[in-house]
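What follows is one structure encoded as structure tokens, with my remarks underneath.
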Amino acid sequence: MRWTILPLALLAGAAVPVADEDAAVLRGVLAAVDRGGAGMCVPAELTEAPFAGIRRMIVEAAHDHNHQAPGPAERRTAIRAMTAEWEWVADRPVGPALRRAVTDAAYMLAESGDPTPVEYEAVGELNASDTPEGGATVSPAQPRDFGKVDAGWLALGQRLGTAATCGFPVLTLSAVARRGDIAFVEVGISGGPLSGAGEIWALRRTPDGWRTVARRRTWVS
């Protein structure tokens, strides 16, 4: 029998709060996205933070291929490779210190991510694999709450909606992954069902706020 222990706030139906520093990061991202993109809808629901699921993906990939889960050294090598490549977008040449700060922050966040496979996260009675045929009904997993976008963070031409009502064009944001003065947000922009792309944005804290310094592509449709 496998169980998931949920935070009390989720069981009570309360929204997961977004820290003030994370809100500042998200405001910076929203201000930097397609300044002329009138009519872009932003779902209020944030998705899982960048790198949180990398360890989970590694475990699942090994399971899918009937391989033993990698040991710590092999896992660290895989994570380092998955977090090392970036397209630098800073206004001035990027020095080695900033490059190291971004790649090290991404690696550390990924290494400390949730290693629990998604298939073990069902909420309710029993997982289907534990229930004999014709046995008790399994309750579906509840959507995980990673926080909400506030309407006050939106830039000109953006409007707040939900994942179910936004339509296209749509701009999706993840929760913030932050380590020191470096933060990461996954940004997805879709103009239609098969016309979109997603990137992880790396931002650095500056005296003038959070500024994007690098990006890496995560998906294309």
Side-chain angles (χ1 to χ4, degrees), residues 16-35 37 42 45-61 70-116 144 146-147 149 153-155 158 171-190 196-221:
V16 173
V18 176
D20 290 345
E21 199 67 53
D22 292 350
V25 173
L26 293 169
R27 283 196 299 268
V29 171
L30 287 163
V33 173
D34 191 12
R35 297 177 185 274
V42 181
E45 306 92 340
L46 296 173
T47 60
E48 187 175 42
F51 312 121
I54 283 185
R55 289 184 62 185
R56 190 188 315 144
M57 290 168 52
I58 292 172
V59 171
E60 289 175 342
E74 185 180 355
R75 183 188 69 239
R76 287 193 292 267
T77 298
I79 289 176
R80 181 66 75 180
M82 296 170 73
T83 56
E85 297 298 325
W86 294 89
E87 177 185 352
W88 302 95
V89 296
D91 295 334
R92 60 187 63 185
V94 178
L98 178 57
R99 291 176 183 268
R100 183 64 180 265
V102 169
T103 55
D104 282 356
Y107 170 80
M108 293 303 296
L109 288 164
E111 173 63 17
S112 62
D114 181 7
T116 307
R144 296 176 64 182
F146 299 105
V149 176
W153 306 344
L154 301 182
Q158 296 169 350
L171 164 63
T172 59
L173 298 176
S174 74
V176 177
R178 180 162 46 89
R179 184 176 175 85
D181 291 333
I182 304 295
F184 302 91
V185 178
E186 184 160 7
V187 180
I189 299 178
S190 295
E199 297 178 325
I200 294 176
W201 289 20
L203 299 94
R204 178 176 60 171
R205 191 202 317 263
T206 74
D208 298 321
W210 290 90
R211 297 290 181 265
T212 305
V213 295
R215 299 176 183 176
R216 60 174 297 156
R217 181 63 54 87
T218 54
W219 60 270
V220 178
S221 65

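In what follows, residues are counted from 1 in the order of the sequence shown. Every heavy atom of this structure was used, including side-chain atoms; hydrogens, water molecules and symmetry mates were not.
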Point to revise | Pair Arg99-Asp104, salt bridge (charged side-chain N to carboxylate O under 4.0 Å, His left out): steps then yes or no | key: CA-CA 8 Å; Arg99 291 176 183 268; Asp104 282 356; over 6 Å; no
Practice item. With side-chain hydrogen bond (donor to acceptor under 3.5 Å, both in side chains) as the test, would you mind laying out the steps for Glu186 and Thr218 before giving the verdict? Key: CA-CA 8 Å; Glu186 184 160 7; Thr218 54; 2.8 Å; yes
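When all heavy atoms of Ile200 and Trp86 are compared, the closest pair comes out as O-CZ3, 3.7 Å. Across all non-hydrogen atoms, the minimal contact from Ala101 to Ile182 is O-CG1, 4.0 Å. Residues Leu46 and Ala175 come closest through the heavy atom pair CB-N, 3.8 Å. Summarising the geometry of Trp210 relative to Glu21, their closest heavy-atom pair is NE1-OE2, 2.9 Å, with the distance given to 0.1 Å. Ala84 approaches Thr103 most closely through the heavy-atom pair O-CG2, 3.8 Å. Contact detail for Arg217 and Gly198: the closest heavy-atom pair is CD-O, 3.0 Å.
Note that the CE atom of Met57 and the CD1 atom of Ile79 stand 10.5 Å from one another [nearest 0.5 Å]. Atoms OH and CZ, on Tyr107 and Arg80 in that order, are 5.5 Å from each other to the nearest 0.5 Å. With rounding to the nearest 0.5 Å, the separation of OG in Ser112 from CD1 in Ile54 is 10.5 Å. Here the OG1 atom belonging to Thr206 is positioned 5.0 Å from the CZ atom belonging to Arg211, to the nearest 0.5 angstrom.
Two residues are said to be in side-chain contact when any heavy atoms from C-beta on lie closer than 4.5 Å; Leu173 and Leu30 meet this criterion. Between Val33 and Trp201, the closest side-chain pair of non-hydrogen atoms falls below 4.5 Å. Counting heavy atoms from C-beta on, the side chains of Trp153 and Val42 never come closer than 4.5 Å. Here the side chains of Phe184 and Arg179 are not in contact, with every heavy-atom distance at 4.5 Å or above. Residues Val29 and Val176 are not in side-chain contact: their nearest non-hydrogen atoms beyond the backbone lie 4.5 Å or more apart.
Here the side chain of Arg215 pairs no donor or acceptor atom with the backbone of Thr212 at under 3.5 angstrom. Panel note: side chain Arg55, backbone Glu111; a donor-acceptor pair is recorded below 3.5 Å. Arg216 places a side-chain N or O within 3.5 Å of a backbone atom of Met82 that can act as its donor or acceptor partner. The main-chain N or O of Gly196 is found under 3.5 Å from a side-chain atom of Ser221 such that the two form a donor-acceptor pair.
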